[in-house]
Every structure is written in C-alpha cells, then in structure tokens.
J.: 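Can you keep this structure in mind? I'll have questions shortly.
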2 protein chains.
Amino acid sequence: MNDHGLSATAKVILGLLGSRPRSGYEIKAAVDRSTRYFWAASYGQIYPELRRLAEAGLIEGTDAPTGGRRRTVYELTNAGRHALGEWHREPPERFDYRDEAMLKLFFATAVEPAGAAGIARQRAEMAAETAEELRAVEAESPGSDQPGYAVLRFGIDFNEFVADWFERQALAFEEGVPLRKLPRPEAAEIEGER
Amino acid sequence: MNDHGLSATAKVILGLLGSRPRSGYEIKAAVDRSTRYFWAASYGQIYPELRRLAEAGLIEGTDAPTGGRRRTVYELTNAGRHALGEWHREPPERFDYRDEAMLKLFFATAVEPAGAAGIARQRAEMAAETAEELRAVEAESPGSDQPGYAVLRFGIDFNEFVADWFERQALAFEEGVPLRKLPRPEAAEIEGER
DNA sequence: CGCGCATATATCGCGCTGATATATATGGCC
DNA sequence: GGCCATATATATCAGCGCGATATATGCGCG
C-alpha cells in the first residue's frame with residue numbers, strides 16, 4: 001500500500017496551508033466555507049492533527065496573539081510542501097458515499113412497501129434544495145473555470161442528478177410496480193462479487 | 001432532534017433481520033453483497049451492536065451451533081420490528097459524501113496546476129470501472145423493479161454520471177483554461193453560507 | 001456599560017474502519 | 001488418509017473521525 005501516513009484531516013490542512021498560513025480556527029472556517037460537502041473536518045481532529053504535523057516537521061507554528069488572546073498561526077515547512085506535492089501526485093483516491101434514503105429504499109419491500117415512493121420523493125426534494133442553495137452561492141461568486149470553482153459546480157450538478165433520479169424513481173413506484181409480487185429483499189441482494 | 005437512538009450499524013442490522021434471522025457473520029456477508037456501496041458495516045461494529053440491541057430487547061439471540069462451532073442466530077423481537085418501522089417512517093436522512101479526487105482538484109491551482117486534468121481523468125476512469133462492474137452484476141441478477149434492485153441501478157447511473165462529469169472537466173482543463181491567471185484557491189473558497 | 005457575535009483553543013465520548021487473531025467445518029485433491 | 005484452501009463464526013484493538021460542549025478574549029454597537 002502506498003502509505004504516505006496522512007490522515008484525512010492532515011490532507012485538508014496541508015492543502016489549505018499550501019496557499020497561506022492559517023490558525024486552527026481559520027482552517028476550520030475555510031473548510032466550512034469550501035470543502036465541507038466532499039471533505040469535512042472538525043475541531044476535534046484539527047487541533048490534535050496540527051500538533052502531530054508540527055511534531056512531524058511538516059508544518060511550523062508561530063505565536064501570533066491578538067491582544068491578550070493566544071493564537072498560533074501555522075505554515076508549511078519545506079518538508080510539508082514536499083509531502084503535499086507527493087500526496088497530490090499519488091493515484092489511489094478515497095471515496096465514501098453513505099445515503100440513508102437508499103438504505104430505507106432497500107428495506108422498503110420488507111418493512112413498508114407503500115412507503116417507497118415517499119422516501120424517494122423526500123430524497124429528491126432534499127437534493128433539489130441543496131442544489132438550490134449551491135446555485136445561490138454560485139450566483140454571488142466570481143464565476144470562472146479554475147478547479148476551486150469546479151468543485152462547487154460539481155455540487156450543483158450532482159445534487160440535480162440525485163433529485164432527478166429519485167423523482168423518476170418515485171414516479172416508477174407510484175405507477176404501480178406490483179411490489180407484493182416481487183421477490184423479497186434477500187432475493188434482491190446483489191449477487192456475484194467474488 | 002428526533003433521536004431514535006439507532007446507530008448506523010443498528011439500522012442495517014435491524015433492516016436485514018427484518019427479512020429473516022441471521023448470524024453476525026451472515027449479516028456482514030449480506031452487507032458486503034448488497035448495501036456496501038452506500039451503507040457499510042464492519043465486524044468491529046456488528047458484534048458489539050448485536051450485543052447492545054439484544055440488551056435493549058430489539059433482537060433476540062438463539063444458540064445454533066454447527067457441530068462443535070458455536071453460533072448465535074438473531075431475530076427481531078416485536079419491539080425490534082416496531083423500532084424498524086419507526087425508523088423507516090422518519091424523515092431526516094443522513095447523507096455523507098467524501099471524495100479525495102475532488103479535494104486534490106480543489107488544491108490543484110496552489111500545488112500543481114498542470115495536474116488537474118490528470119486527476120479528473122483518473123477519477124473518471126475509476127467511476128467508469130465501477131459502473132462496469134455493477135453492470136456485470138446487474139446482467140446476472142433477476143432484473144425487476146423492486147426497491148432492492150433500484151439501489152443497484154442507482155450505483156450504475158451514479159457512477160456513469162461521475163465518469164461523464166470528470167471526463168468533461170478533464171477536457172475543459174486541457175483545452176487551455178489559463179490557470180496561472182486565475183485567482184488562487186483561497187479566493188475561490190465558497191462564500192456566503194452564513 | 002452590557003450584549004452578542006466572532007475569534008481561538010481544547011476536550012470528551014462514541015461510532016466506525018481495517019486489520020488481525022483464533023477456532024472449527026467443509027470439500028477437493030493426490 | 002493427509003493436506004490445503006476456503007468458508008463459517010466470533011472477538012479485539014488502535015487509530016481516525018464526528019458532534020457537542022466548555023472556556024476564554026476581542027470587537028462593534030447602541
């Protein structure tokens with residue numbers, strides 16, 4: 001395995017410090033403003049990870065108090081910039097997808113067949129709302145084609161895809177698929193996958 | 001918060017026991033064969049969770065050894081079937097999405113602008129392969145329209161969408177977006193989101 | 001002056017993953 | 001009969017991640 005030893009949180013920290021020095025608080029704020037939808041991070045991970053990265057020599061912290069409030073600003077060391085470049089060049093991509101609506105749909109036949117359409121429609125509405133929010137964000141941002149903008153565009157396109165897919169699925173359920181006559185879920189478990 | 005107190009693992013366990021009694025091992029096998037792509041579970045959660053659910057009275061375990069090997073088969077109690085129904089009727093849906101390729105894309109301008117197209121293309125190929133695998137699974141399964149099959153269909157459609165999106169993005173990067181002239185990532189952080 | 005909000009750091013419990021360990025059972029092969 | 005691979009079955013552990021909470025101070029506003 002190509003183990004560079006970077007945790008998920010470490011990756012987003014190094015990436016953000018790649019453009020400029022930041023405090024832990026600023027990192028969290030930047031994540032919430034930008035990568036949140038596809039790469040989240042919490043204080044509970046950020047602060048311990050900053051300490052670990054500093055100990056490993058990938059970043060360096062400088063005291064930069066604001067009046068009487070203590071504050072540490074971190075920046076990349078040369079080793080850190082190198083590690084960031086290494087990671088960026090590596091091929092294998094982590095990818096996680098977890099969707100509760102899908103799980104409910106999967107169990108619908110055994111639990112409450114009549115509920116399937118409602119579940120699908122609810123999920124469609126949620127996705128449509130998220131797409132709407134992101135479109136509003138896009139409208140007030142300096143539209144361009146750089147990668148930083150592309151990820152916002154993906155959020156919109158993806159949520160529209162999901163909304164459309166579940167809406168069509170809801171219609172299919174409503175238009176009389178004879179659920180009672182179909183095999184129960186265990187028969188539908190995906191076969192193969194040696 | 002509508003807290004029914006069910007962990008992610010508890011949901012898939014109750015759902016699977018909804019169709020028939022199973023051992024911990026069988027639950028894990030069923031997950032790997034079916035819900036894995038949108039709702040995973042590991043032994044490290046399944047066995048402790050089975051104990052917790054039994055203690056809470058939602059499931060009941062029966063010793064069912066095979067020869068000299070001990071084995072416990074669990075089934076839903078009435079309370080468990082009720083809890084499953086409750087959960088299934090609840091509206092708020094958990095949804096997580098984490099994509100490392102997207103993170104790399106987001107940092108591409110600051111780290112290695114020339115790599116953006118390659119990252120996008122690699123992700124497109126990965127998604128295309130996954131879609132291919134799922135299509136193979138579909139081909140040998142008893143195609144129908146019940147919810148259990150719908151989730152397999154989603155896997156295919158979703159991965160095709162992703163492959164298409166990243167492929168188009170790769171082309172856009174290649175066809176001369178002047179990356180060096182565009183604002184650096186921090187300027188591209190998504191604004192708004194009070 | 002007091003209030004609310006932003007800045008800043010820290011901590012805790014719990015859930016979850018992935019790997020590893022330990023057995024026994026089964027079936028095929030020579 | 002002996003051997004090996006694979007399947008069945010359960011358990012455990014370190015480390016990462018998440019959400020919530022606690023505790024300050026700084027700053028602007030009325």
Side-chain angles (χ1 to χ4, degrees), chain A residues 1 3-13 21-33 35-56 61-74 92 94-98 100 103 193-194, chain B residues 1 3-13 21-33 35-54 61-74 92 94-98 100 103 193-194:
Chain A
M1 70 222 82
D3 205 60
H4 43 53
L6 298 181
S7 70
T9 312
K11 288 166 188 171
V12 75
I13 288 176
R22 301 170 200 246
S23 70
Y25 182 84
E26 287 171 322
I27 288 168
K28 169 68 167 150
V31 165
D32 285 348
R33 233 177 315 117
T35 71
R36 177 174 43 141
Y37 293 105
F38 56 92
W39 204 269
S42 72
Y43 285 130
Q45 269 308 108
I46 290 170
Y47 284 105
E49 190 62 45
L50 283 170
R51 264 180 261 120
R52 256 174 265 140
L53 289 172
E55 211 175 316
T62 311
D63 281 356
T66 317
R69 182 170 54 209
R70 99 175 179 291
R71 185 177 119 95
T72 309
V73 171
Y74 294 89
R94 175 170 167 188
F95 170 67
D96 293 320
Y97 180 80
R98 179 163 281 213
E100 193 165 2
L103 189 71
E193 288 301 323
R194 74 223 93 73
Chain B
M1 72 230 82
D3 206 60
H4 41 55
L6 297 181
S7 71
T9 312
K11 289 166 188 171
V12 75
I13 288 177
R22 300 170 201 247
S23 70
Y25 181 86
E26 287 171 319
I27 288 168
K28 169 68 168 150
V31 165
D32 286 347
R33 232 178 315 118
T35 71
R36 175 173 45 141
Y37 293 105
F38 56 91
W39 204 269
S42 69
Y43 285 130
Q45 268 309 109
I46 290 171
Y47 285 105
E49 191 62 43
L50 284 170
R51 261 180 262 122
R52 257 173 265 138
L53 289 171
T62 312
D63 280 355
T66 318
R69 182 170 54 209
R70 100 176 179 292
R71 184 178 119 96
T72 310
V73 171
Y74 294 89
R94 175 169 168 188
F95 170 67
D96 294 321
Y97 180 79
R98 178 162 282 216
E100 194 167 2
L103 190 70
E193 288 301 322
R194 71 219 94 71

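What's counted below: heavy atoms across the whole structure, side chains too, no hydrogens, waters or symmetry copies. Naming: A, B, ... by sequence-line order, numbering from 1 per chain.
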J.: For residues 66-74 of chain B, which side-chain N or O atoms pair as donor and acceptor with protein atoms under 3.5 Å away, sequence neighbours left out?
T.:
{"unit_1": "B/R71", "atom_1": "NE", "unit_2": "B/A64", "atom_2": "O", "d": "3.0"}

J.: Which residues pass the ring pair (Phe, Tyr, Trp, His ring centres under 6.0 Å) test with B/F95, sequence neighbours left out?
T.: A/Y97

J.: So if I define the base as every atom that isn't primed, P, OP1 or OP2, how would nucleotides 9-18 of chain D read as a B/S/- string at a heavy-atom cutoff under 4.0 Å?
T.: BBBBB--SBB

J.: Would you check if B/V12 and A/L103 make a side-chain contact, meaning some heavy-atom pair closer than 4.5 Å?
T.: yes

J.: Specify the separation, in whole Å, of atom CZ of A/R36 and atom C1' of D/dG19.
T.: 15 Å

J.: Return the set of residues passing side chain to side chain donor-acceptor pair (under 3.5 Å) with B/E100 (not counting sequence neighbours), or none when no residue passes.
T.: A/K11, A/W87

J.: How long is the line joining CZ of A/R33 and P of C/dA6, in whole Å?
T.: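 Checked: the CZ to P distance equals 13 Å.
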
J.: Taking side chain to side chain donor-acceptor pair (under 3.5 Å) as the cut-off, I'd like each qualifying pair that reaches into residues 39-50 of chain B, sequence neighbours left out, listed once.
T.: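 Qualifying pairs: B/S7-B/E49, B/E49-B/R52.
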
J.: Starting at CD1 of A/I27 and ending at P of C/dT7, how long is that distance when rounded to a whole Å?
T.: 14 Å

J.: To the nearest Å, give me how far apart NZ (A/K28) and P (C/dA6) are.
T.: 15 Å

J.: Tell me every residue that passes side chain to side chain donor-acceptor pair (under 3.5 Å) with A/R51, counting only those two or more places apart in sequence or in another chain.
T.: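 By the side chain to side chain donor-acceptor pair (under 3.5 Å) rule, A/R51 matches no residue at all.
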
